[in-house]
Amino acid sequence: MLIHADADAFFVSVEVRDDPHLRGRPVVVGPQVVACASYEARALGVHAGMPLRHALRRWPELVVAEFRGETYESVSADLMALFREVTPLVEPGSMEEAFLDVSALDGGSVDEAGRIAADLRRRVRRELGLPVSAGVARAKLFAKLASRRAKPDGLVVVDADTEARVRPRLPVADLWGVGPMTAGKLHDAGIVHVADLCGWTVEALVERRIAKPQAKNLVAIRDGTDDATVKLPGPRKSVSSTISLGRPTRQRSRVRESLQHNVIRALDRLGDDPRPATRVDVHLRFDDGATLVSQGALEEPTRDPATLVGVALAALERTAYEDDGRGIVVAGVALALPA
DNA sequence: TCTGGGGTCCTAGGACCC
DNA sequence: TCTGGGGTCCTAGGACCC
């Protein structure tokens, strides 16, 4: 069986843990938009992604906690380490969530897997002071749906009968990996629920412009043979830094300055990782919402800041970014890393 | 009310080589 | 000289996730 363990309102929970008088209050964590909101804040209507200023104007009672990126990274490392004490088969999904394969421990019993998950939740609460919700099921999809259902601070166990009953009724738009684009294409094809996939082949879905891996996944979900494999994480493939420029700008010097800063910050974020960058990508976002990536090839892998900045600036120049009248609102770089 | 920042994976087209 | 087929690398862009 698999457990999907997911820390509730992670950033805020860390802040509440470290400053107990925040407990029970409508707390949000910035910096400029709401990165995370406590359940009390969500009850008011606050949600992630909302500009902080708007949220504060509407709900002056909100408490804003400082965003402490490095702290979250380190608590996340502790959380994953704790998961790995339960089983080495841990696949992190993000800073605050992971799939755990406990098949070797549960003797094939959902109930036993449920007990392991309950125990895990207690341990995280005791040792890290954080609320974690968990879902237990045969495969990833239902484990993830179950943990979502379990929030906040709960546990949901999905047995085979429940899974079989619920599966056909799942809206495809709710499936993990199906976003607005894919959902739209599926709806156009008359596919709204998993049951509607009956009769569809992978090829037929690909003809409707569904990406092949996506199509395979959908057919597997319909057939109940969807992914139950926990993949161990490899080394990360890129490290990036992007910073909002505030007001839209067309000043070359401001964008160049930001890229320089971002190169330094990305190198800094590399931390102990000794690998050199193999490419520098420049990311821009314009005030009409469009984004652009310009790749900067390196003659050889390097971590030399001056070289990386030079290549980033050259990549910027190739974009003709200042010629079309739009302003730039976000600039950033991503350093590609060798495997 | 489309805003932050950090990631992964997939596809398509062109260049180049055999 | 022309045509076909296959592989790999590079770049750009899209979709999705938290």
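Throughout, a chain's letter reflects where its sequence line sits, starting with A, and its residues are numbered from 1.
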Which part of the nucleic acid, if any, lies within reach of A:Val329 when heavy atoms closer than 4.0 Å are counted: base, sugar-phosphate only, or nothing?
nothing

With a 4.0 Å cut-off on heavy atoms, is A:Gly49 in touch with a base, just the backbone sugar-phosphate, or nothing at all?
base

Regarding A:Ser241, tell me which of base, sugar-phosphate or nothing describes its non-hydrogen contacts under 4.0 Å with the strands shown.
sugar-phosphate

Sugar-phosphate, base or nothing in reach of A:Gln295, heavy atoms under 4.0 Å:
base

Residues two or more places apart in sequence or in another chain: which of them pass ring-ring contact (aromatic ring centres under 6.0 Å, His included) with A:Phe99?
A:His4, A:Trp176

Could you check whether A:Ile243 gets within reach of a base, just the sugar-phosphate, or nothing at all, counting any heavy atom under 4.0 Å?
sugar-phosphate

Salt bridge or not for A:Arg269 and A:Glu70, using N-O below 4.0 Å?
no

Mind running salt bridge (charged side-chain N to carboxylate O under 4.0 Å, His left out) on A:Arg209 and A:Asp188 for me, showing each step along the way?
CA-CA 11 Å; A:Arg209 315 302 302 166; A:Asp188 290 347; over 6 Å; no

If you count the non-hydrogen atoms of other residues, nucleotides and ligands that lie under 6.0 Å from CD in A:Glu257, is the total more than 12?
no

For A:Arg209 and A:Val239, take the nucleotide of DNA chain B holding the closest heavy atom to each; which residue's nucleotide lies nearer the 5' end?
A:Val239

Counting any heavy atom closer than 4.0 Å, what does A:Arg58 reach on the DNA or RNA strands: base, sugar-phosphate only, or nothing?
nothing

Nucleotide pairing, DNA chain C (Watson-Crick or G-U, distances under 3.5 Å), in dot-bracket with [ ] and |
....||||||||||||||

Under-4.0 Å salt bridge between A:Arg125 and A:Asp153
yes

Salt-bridge contact A:Lys231-A:Asp101 (side-chain N to carboxylate O under 4.0 Å):
no

Are A:Asp6 and A:Lys151 ion-paired here, with the side-chain N under 4.0 Å from a carboxylate O?
yes

Mind checking which nucleotides bracket the chain A contacts on DNA chain C, 5' to 3', with an atom under 4.0 Å from a heavy atom?
C:dT11 to C:dC18

When you compare the side chain of A:Arg121 with that of A:Leu155, does any pair of heavy atoms fall below 4.5 Å?
yes

Assign A:Ala48 to base, sugar-phosphate, or nothing according to its heavy-atom contacts below 4.0 angstrom with the strands shown.
nothing

Under 4.0 Å, heavy atoms only, any strand: does A:Arg265 hit a base, just the sugar-phosphate, or nothing?
sugar-phosphate

May I ask you to say whether A:Arg138 pairs ionically with A:Glu163, meaning some side-chain N is under 4.0 Å from a carboxylate O?
yes

Pairwise 5' ranking along DNA chain B for A:Met50 and A:Pro235, keeping only the more 5' one
A:Met50

